[in-house]
Enquirer: 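First, the structure itself, so that you have it in front of you.
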Amino acid sequence: MAEVAVLFLRACLALLAMPIYLLSFLGIWQPFCKKVFFPFFLDKISVVHQKKAKKEKQELFRSLPDFTSPSGELKLLEIGTGCGANFQFYPPGCKVTCTDINPNFQQSLSTNMSKNQHLHYERFLVAAGEDLHQVPSGSMDAVVCTLVLCSVSNITGTLKEVLRVLRPGGAFYFLEHVAADHSSWKYFWQQVCYPTWKLIFDGCCLTREIWKNLEQANFSELRLRHINVELPWTPIAPHIIGCAVK
């Protein structure tokens with residue numbers, strides 16, 4: 001019965017979003033989404049998410065200085081930098097390399113860079129999380145990834161790249177929305193929204209159990225917590241947050 005209800009409600013939602021499905025069929029939606037809609041949406045939703053998760057982020061990134069290299073530098077790579085919402089939490093003098101598969105965040109990214117002059121911005125790379133070949137192996141003290149693993153094409157491949165670019169003893173920091181408990185109404189609505197949400201929001205998947213991928217990766221230490229970040233009228237409240245050490 002639940003599966004029938006999910007399929008029925010999916011069809012209703014798809015009907016409401018029919019213009020977007022039509023634009024997608026015509027090959028118009030995806031370019032528009034990447035260049036205009038998603039950067040605009042992410043800029044707005046980041047402000048709301050930041051307010052809801054600020055204390056959690058402050059606590060998460062507080063230990064970043066602990067991973068400063070013996071040379072006294074802290075080299076940090078951020079995967080899926082987007083509009084640069086995390087810059088304010090990085091320690092002064094941190095050398096940041098930004099990457100994103102979508103190069104269309106320039107305006108909001110530049111704004112956040114100008115607001116956070118306590119950092120050294122090394123370079124911006126247009127790169128997918130699964131392919132960071134432009135970053136030398138073992139060259140980073142820390143890697144950060146927030147609200148990104150929901151949309152990468154290969155989580156395992158991305159985590160392998162994280163491990164490759166980290167130096168031994170380096171740390172991976174993450175904050176990701178994930179699947180809700182399968183017996184909950186939240187998971188029911190995640191299943192209902194899944195196809196349309198993924199289409200509208202540039203490949204974002206609602207039901208990934210990312211903690212399992214992290215547990216299976218070859219980190220020497222994993223500290224992970226399940227939390228809720230309640231965003232009004234969205235099915236992405238369940239999150240995981242934590243740090244893993246190479």
Enquirer: What about Val126 and Val135, same hydrophobic cluster or not, with Ile/Leu/Val/Met/Phe/Trp/Tyr joined at side-chain heavy-atom distances under 4.5 Å?
Expert: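 Shared cluster, no.
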Enquirer: How would you list, by chain and number, every residue that makes a salt bridge (Lys or Arg N to Asp or Glu O under 4.0 Å) with Arg208, sequence neighbours excluded?
Expert: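 For Arg208 there are no salt bridge (Lys or Arg N to Asp or Glu O under 4.0 Å) partners, ignoring immediate neighbours.
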Enquirer: Between the side chain of Ser220 and the main-chain N/O of Val245, is any donor-acceptor distance below 3.5 Å?
Expert: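 Answer holds: yes.
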Enquirer: Quick check: does any side chain N or O of His120 sit under 3.5 Å from a backbone N or O of Lys75, one acting as donor and the other as acceptor?
Expert: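 Looks like no, no N/O pair under 3.5 Å.
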Enquirer: For the residue pair Leu206 and Cys193, establish whether any side-chain heavy-atom pair is separated by less than 4.5 Å.
Expert: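 Yes; the side chains approach each other to less than 4.5 Å.
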Enquirer: State yes or no: do Val229 and Phe41 share one hydrophobic cluster built from I, L, V, M, F, W and Y residues joined by side-chain heavy-atom distances below 4.5 Å, directly or via other members?
Expert: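 Yes, it is one cluster - the side chains of Val229 and Phe41 are joined through contacts under 4.5 Å.
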Enquirer: Hey, which of His226, His239, His177 is the one that makes ring-ring contact (aromatic ring centres under 6.0 Å, His included) with Trp211?
Expert: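 Of the listed options, the one satisfying the test is His226.
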Enquirer: Which value, rounded to the nearest 0.5 Å, describes the distance between Tyr121 atom OH and Asn112 atom CG?
Expert: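 Rounded to the nearest 0.5 Å, the OH-CG separation comes to 7.5 Å.
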Enquirer: For atom CD of Gln107, is the number of surrounding heavy atoms from other residues, nucleotides or ligands below 6.0 Å larger than 12?
Expert: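 Open.
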Enquirer: Do Lys95 and Glu73 meet the salt-bridge criterion of a basic N to acidic O distance under 4.0 Å?
Expert: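 Salt bridge between Glu73 and Lys95, a charged N being under 4.0 Å from a carboxylate O: yes.
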Enquirer: When clusters are formed by joining ILVMFWY residues with side-chain heavy atoms under 4.5 Å apart, either directly or through shared neighbours, do Phe219 and Val143 land in the same one?
Expert: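 Shared cluster, yes.
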Enquirer: Answer yes or no: is there a donor N or O on one side and an acceptor on the other, between the side chain of Thr99 and the main chain of Glu78, under 3.5 Å?
Expert: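 Yes.
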Enquirer: What are the two closest heavy atoms between His133 and Glu161, and how far apart are they?
Expert: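 Heavy atoms only, the tightest pair is N-OE2, 3.8 Å.
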Enquirer: Tell me if the centroids of the rings in Phe201 and Phe38 come within less than 6.0 Å of each other.
Expert: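 For Phe201 and Phe38, the ring centres are not under 6.0 Å apart.
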Enquirer: Let me confirm one number: the OG-CG distance from Ser137 to Leu166, rounded to the nearest 0.5 Å.
Expert: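 Rounded to the nearest 0.5 Å, the OG-CG separation comes to 10.5 Å.
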Enquirer: If I compare all heavy atoms of Leu64 with all of Ala142, which pair ends up nearest, and what's the gap?
Expert: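 Looking at all heavy atoms of both residues, the closest pair is CD2-CB, 3.7 Å.
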Enquirer: Following the transitive rule for hydrophobic clusters with a side-chain heavy-atom cut-off under 4.5 Å over Ile, Leu, Val, Met, Phe, Trp and Tyr, establish whether Ile210 and Ile241 coincide in one cluster.
Expert: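 In one cluster with Ile210: Ile241, no.
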Enquirer: If we count only N and O atoms by modelled type, under 3.5 Å, do the side chains of Asn102 and Asp100 hold a donor and an acceptor together?
Expert: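 No pair is found: no donor N or O on one side chain lies under 3.5 Å from an acceptor on the other.
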Enquirer: Distance check, rounded to the nearest 0.5 Å: Thr158 atom OG1 versus Leu132 atom CG?
Expert: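 With rounding to 0.5 Å, OG1 (Thr158) is 7.5 Å from CG (Leu132).
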Enquirer: Angle class for the Tyr173/Phe61 ring planes (parallel below 30°, perpendicular above 60°, tilted otherwise)?
Expert: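 Tyr173 and Phe61: tilted rings.
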Enquirer: Can we say Lys186 and Glu230 salt-bridge, meaning some charged N sits less than 4.0 Å from an Asp/Glu carboxylate O?
Expert: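 A salt bridge is present here (some side-chain N lies under 4.0 Å from a carboxylate O).
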Enquirer: Nearest 0.5 Å, what's the CD1-CD distance between Ile236 and Glu176?
Expert: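 One finds 10.5 Å between CD1 of Ile236 and CD of Glu176.
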Enquirer: Report yes if some heavy atom in the side chain of Lys54 is under 4.5 Å from a heavy atom in the side chain of Glu59; otherwise report no.
Expert: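 Of all side-chain heavy-atom pairs linking Glu59 with Lys54, none is under 4.5 Å.
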Enquirer: Can you check whether Leu77 reaches Val144 side chain to side chain, under 4.5 Å on heavy atoms?
Expert: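 No, their side chains stay 4.5 Å or more apart.
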Enquirer: Taking only Lys NZ, Arg NE, NH1 and NH2, and the carboxylate oxygens of Asp or Glu, determine whether Glu221 and Arg223 approach each other closer than 4.0 Å.
Expert: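 Between Arg223 and Glu221 there is a salt bridge, with a charged N closer than 4.0 Å to a carboxylate O.
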Enquirer: For residues Leu60 and Gly242, report the shortest heavy-atom separation together with the two atoms involved.
Expert: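 Smallest interatomic distance, heavy atoms only, reads CD1-O, 3.3 Å.
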Enquirer: Hey, what else clusters with Phe8 if you join Ile, Leu, Val, Met, Phe, Trp, Tyr whenever side-chain heavy atoms sit under 4.5 Å?
Expert: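 Listed partners: Val6, Leu9, Trp185, Phe188, Trp189, Val192.
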Enquirer: Are Val165 and Val96 linked, directly or through intermediate hydrophobic residues, by side-chain heavy-atom contacts shorter than 4.5 Å (ILVMFWY only)?
Expert: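 They do not share one cluster, since no chain of ILVMFWY contacts under 4.5 Å joins Val96 to Val165.
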Enquirer: Check whether any side-chain heavy atom of Thr97 lies under 4.5 Å from a side-chain heavy atom of Phe124, and answer yes or no.
Expert: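 With C-beta onward as the side chain, the pair stays apart.
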Enquirer: Is a donor on one side and an acceptor on the other found under 3.5 Å between the side chain of Gln190 and the backbone of Ala180?
Expert: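 Looks like yes, one N/O pair under 3.5 Å.
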Enquirer: Do Ile240 and Leu214 have side chains that approach each other closer than 4.5 Å (heavy atoms only, starting at C-beta)?
Expert: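 SC-SC contact between Ile240 and Leu214 confirmed.
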Enquirer: Verify side-chain contact (heavy atoms from CB on, under 4.5 Å) between Asp181 and Tyr187, making sure each step is shown before the conclusion.
Expert: CA-CA 6 Å; Asp181 183 277; Tyr187 185 69; over 6 Å; no
Enquirer: Under 4.5 Å between any side-chain heavy atoms of Phe89 and Arg62, yes or no?
Expert: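 Heavy-atom side-chain distance check fails, nothing below 4.5 Å.
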Enquirer: Which heavy atom in Pro91 sits nearest to a heavy atom in Leu74, and how many Å separate them?
Expert: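 Minimum heavy-atom separation between Pro91 and Leu74: CG-CD2, 3.5 Å.
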Enquirer: Not counting sequence neighbours, list each pair that qualifies as a side chain to side chain donor-acceptor pair (under 3.5 Å) and has a residue in residues 16-26.
Expert: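 Sorted result for residues 16-26: Tyr21-Thr196, Ser24-Gln30.
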Enquirer: May I have the step-by-step check of side-chain contact (heavy atoms from CB on, under 4.5 Å) for Ile20 and Phe32, ending in yes or no?
Expert: CA-CA 11 Å; Ile20 294 177; Phe32 173 77; over 6 Å; no
Enquirer: When you measure from the side chain of Trp197 to the backbone N and O of Pro235, does any donor-acceptor pair fall under 3.5 Å?
Expert: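 A pair under 3.5 Å: no.
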Enquirer: Between SG of Cys98 and CG of Asn86, what distance do you get to the nearest 0.5 Å?
Expert: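 With rounding to 0.5 Å, SG (Cys98) is 10.0 Å from CG (Asn86).
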Enquirer: Do Asp141 and Arg167 sit within salt-bridge range, that is, some charged N less than 4.0 Å from a carboxylate O?
Expert: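 A salt bridge is present here (some side-chain N lies under 4.0 Å from a carboxylate O).
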Enquirer: Does the side chain of Leu163 reach to within under 4.5 Å of the side chain of Phe172, using non-hydrogen atoms?
Expert: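 Leu163 vs Phe172: side chains apart.
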Enquirer: Run through His49, Gln88, Gln50 and flag the one making a side chain to side chain donor-acceptor pair (under 3.5 Å) with Lys57.
Expert: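 In the set His49, Gln88, Gln50, the residue that makes a side chain to side chain donor-acceptor pair (under 3.5 Å) with Lys57 is Gln50.
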Enquirer: I'd like to know whether Thr207 forms a side chain to side chain donor-acceptor pair (under 3.5 Å) with Gln191, so could you lay out the CA-CA distance, the side-chain angles of the two residues, the decisive distance to 0.1 Å, and finally the verdict.
Expert: CA-CA 7 Å; Thr207 57; Gln191 288 181 298; over 6 Å; no
Enquirer: Within a reach of under 6.0 Å around CZ of Phe40, are more than 12 heavy atoms found that belong to other residues, nucleotides or ligands?
Expert: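 No, not enclosed.
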Enquirer: Do you know the tightest heavy-atom contact between Gly169 and Phe67?
Expert: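 The pair with the smallest heavy-atom distance is O-CD2, 3.3 Å.
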Enquirer: Using every non-hydrogen atom in the two residues, find where Pro238 and Ala179 come nearest and quote the distance to one decimal.
Expert: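 Smallest heavy-atom distance, with atoms named: CB-O, 4.1 Å.
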Enquirer: What I want to find out is whether Lys212 reaches Glu215 closely enough, with some N-O distance under 4.0 Å, to be called a salt bridge.
Expert: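 Between Glu215 and Lys212 there is no salt bridge, as every charged N stays at least 4.0 Å from the carboxylate O atoms.
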Enquirer: Could you state the interatomic distance from OG (Ser108) to CG (Leu42), rounded to the nearest 0.5 Å?
Expert: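 Going from OG on Ser108 over to CG on Leu42, the span is 7.5 Å.
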Enquirer: Side chains of Thr146 and Phe174: closer than 4.5 Å at any heavy-atom pair?
Expert: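 In short, these two side chains do not touch, never coming nearer than 4.5 Å.
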